[in-house]
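Chain A is the first sequence line, chain B the second, and so forth, proteins listed ahead of strands; every chain is numbered from 1.
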Protein chains: 2
Amino acid sequence: MTPRTNARILTDTIADIFVREGFDGTSLNYLANQTGLGKASLYHHFPGGKREMAVAVYDRVSATFTREVLARLAGRGDLELRLTRMAQALDRFYDGGNRACLIDVFSIGGAREGFAEKLSEAVSYWVSSIARTLCEAGVEKATAQMRAEDVVISIEGALVVARATGNTEPFRRIIEAMPARLLGG
Amino acid sequence: MTPRTNARILTDTIADIFVREGFDGTSLNYLANQTGLGKASLYHHFPGGKREMAVAVYDRVSATFTREVLARLAGRGDLELRLTRMAQALDRFYDGGNRACLIDVFSIGGAREGFAEKLSEAVSYWVSSIARTLCEAGVEKATAQMRAEDVVISIEGALVVARATGNTEPFRRIIEAMPARLLGG
DNA sequence: AGTTGGAAACCGAACGTTCGTTTGAGTAGC
DNA sequence: GCTACTCAAACGAACGTTCGGTTTCCAACT
């Protein structure tokens, strides 16, 4: 019943590496070392090899994002509360700015092939989820779309800056200002 | 006198590839194909191999950025005009959102070693160049720093979104709104 | 309770390929 | 003839992948 290696934990470990090293920068030797498994064992769990691992990582991260972050938008409570909840969830999801975004990482180099469409949809889904929530609260459609785009852009940018400088303060500032920006502060 | 291969053009060609494929995703075979040179010829121009090529690319891109973009801040004319000039220069530099930023690309994977410090300084320099200009025009120091950070973050984020979705419209919107945002619109 | 069979999980070793790099021998231009 | 430049070919190392065989586990059957 209980496998020797938990598939979720294994995928999470691999995800950490892909996020840090990128698709092309991640080698199976390194994955084997970090997971404690032999390369052949990794192929047992992911017969499709490196690309299947990347797909599994993407699917898992994507599902986690939908469940942990976007779900806050549809929760109960007034709009401001839900937006604040989403901001907190984002802070957790990106580890306070220390964890890169797969949308960024997988849009560079060898991962683009096979992920281009998924990444595009991921951004659109994220943006429109926020925009729809704002619309339902009475914000005009075009305005909502623009604010949602701006916020998503800010987060992606703050993650890039955090990774490049090692300073997560701008990210935290963006996160904190997020609800007010979406409400039209 | 005139070398068979112009060093600047060669570096620009290599830069395009690094920017698209990332450091780890760029192979010397591909560089040789795209430049029309043999791998050994590339080693004649860059004896330090791939890493020296990356350093040359970074130095050239960085110098171009300082000359073409940041220099607009110190030009003549009132503040708003200079900020608009910088925005236009940014649009050109990033090819309307179609060209990735090296700060993003080189902060992932194998390029981090050896570039971490340079990337951090590049972001700081960019931010403080904008902030200083605002200060000289009378904006309070902390406010200027924050606005500058926000604008840099927006551009990096817009480039990520553009790359992931293939849609450069948000980037152009960010560019256009930039002067007003810095002026405190 | 003890044995057994087969699937799941795992591994070391090797596969062919591609990597970044080096060699050595050229050719073009001053 | 010297420097700058180019190339094809080969280097060892590392790549992603595959192979054959071992260990672990659990359900089913004595």
**OP:** Classify the nucleic acid contact of B:Gly36 as base, sugar-phosphate or nothing, counting any heavy atom under 4.0 Å across all strands shown.
**Re:** sugar-phosphate
Show every donor-acceptor pair shorter than 3.5 Å between a side-chain atom in residues 88-95 of chain A and any protein atom, with sequence neighbours excluded, or say none if there are none.
none

Original post:
Going through the checks in order, is the ring pair (Phe, Tyr, Trp, His ring centres under 6.0 Å) test met by A:Tyr58 and A:Phe106?
Top reply: CA-CA 9 Å; A:Tyr58 175 84; A:Phe106 276 6; 7.1 Å; no
Subject >> Of A:Thr26 and B:Leu37, the one whose closest DNA chain D nucleotide lies more 5' >> reply: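 Its nearest nucleotide lies further toward 5', so the answer is B:Leu37.
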What pairs meet the salt bridge (charged side-chain N to carboxylate O under 4.0 Å, His left out) rule with one or both residues in [range], with sequence neighbours excluded?
range: residues 122-140 of chain B; result: none
range: residues 56-77 of chain A; result: A:Asp12-A:Arg60, A:Asp59-A:Lys118, A:Glu68-A:Arg72
range: residues 150-161 of chain A; result: A:Asp150-B:Arg173

Expected rows: protein N/O vs nucleotides 8-14 of chain D N/O, under 3.5 Å:
none

The side chain of [X] lies closest to which of these nucleotides: [options]?
X: A:His44; options: C:dA8, D:dT6, C:dG20; value: C:dA8
X: A:Leu28; options: D:dC5, D:dT17, C:dT21; value: D:dT17
X: B:Tyr43; options: D:dG16, C:dG20, C:dC10; value: C:dG20

What is the distance, rounded to the nearest whole Å, between atom [atom1] of [X] and atom [atom2] of [N]?
X: A:Lys50; N: D:dT17; atom1: NZ; atom2: C1'; answer: 12 Å
X: A:Tyr30; N: D:dT17; atom1: OH; atom2: P; answer: 19 Å
X: B:Phe46; N: C:dT22; atom1: CZ; atom2: P; answer: 15 Å
X: A:Leu31; N: D:dC15; atom1: CG; atom2: P; answer: 10 Å
X: A:Asn33; N: C:dC11; atom1: CG; atom2: P; answer: 12 Å

Original post:
Excluding sequence neighbours, so at least two apart, what forms side chain to side chain donor-acceptor pair (under 3.5 Å) with B:Arg51?
Top reply: none
**OP:** Of all the heavy-atom pairs spanning B:Phe18 and B:Val105, show the shortest one and how long it is.
**Re:** O-CG1, 3.6 Å
Subject >> Any A:His45 side-chain nitrogen or oxygen under 4.0 Å from OP1 or OP2 of C:dA8 >> reply: no
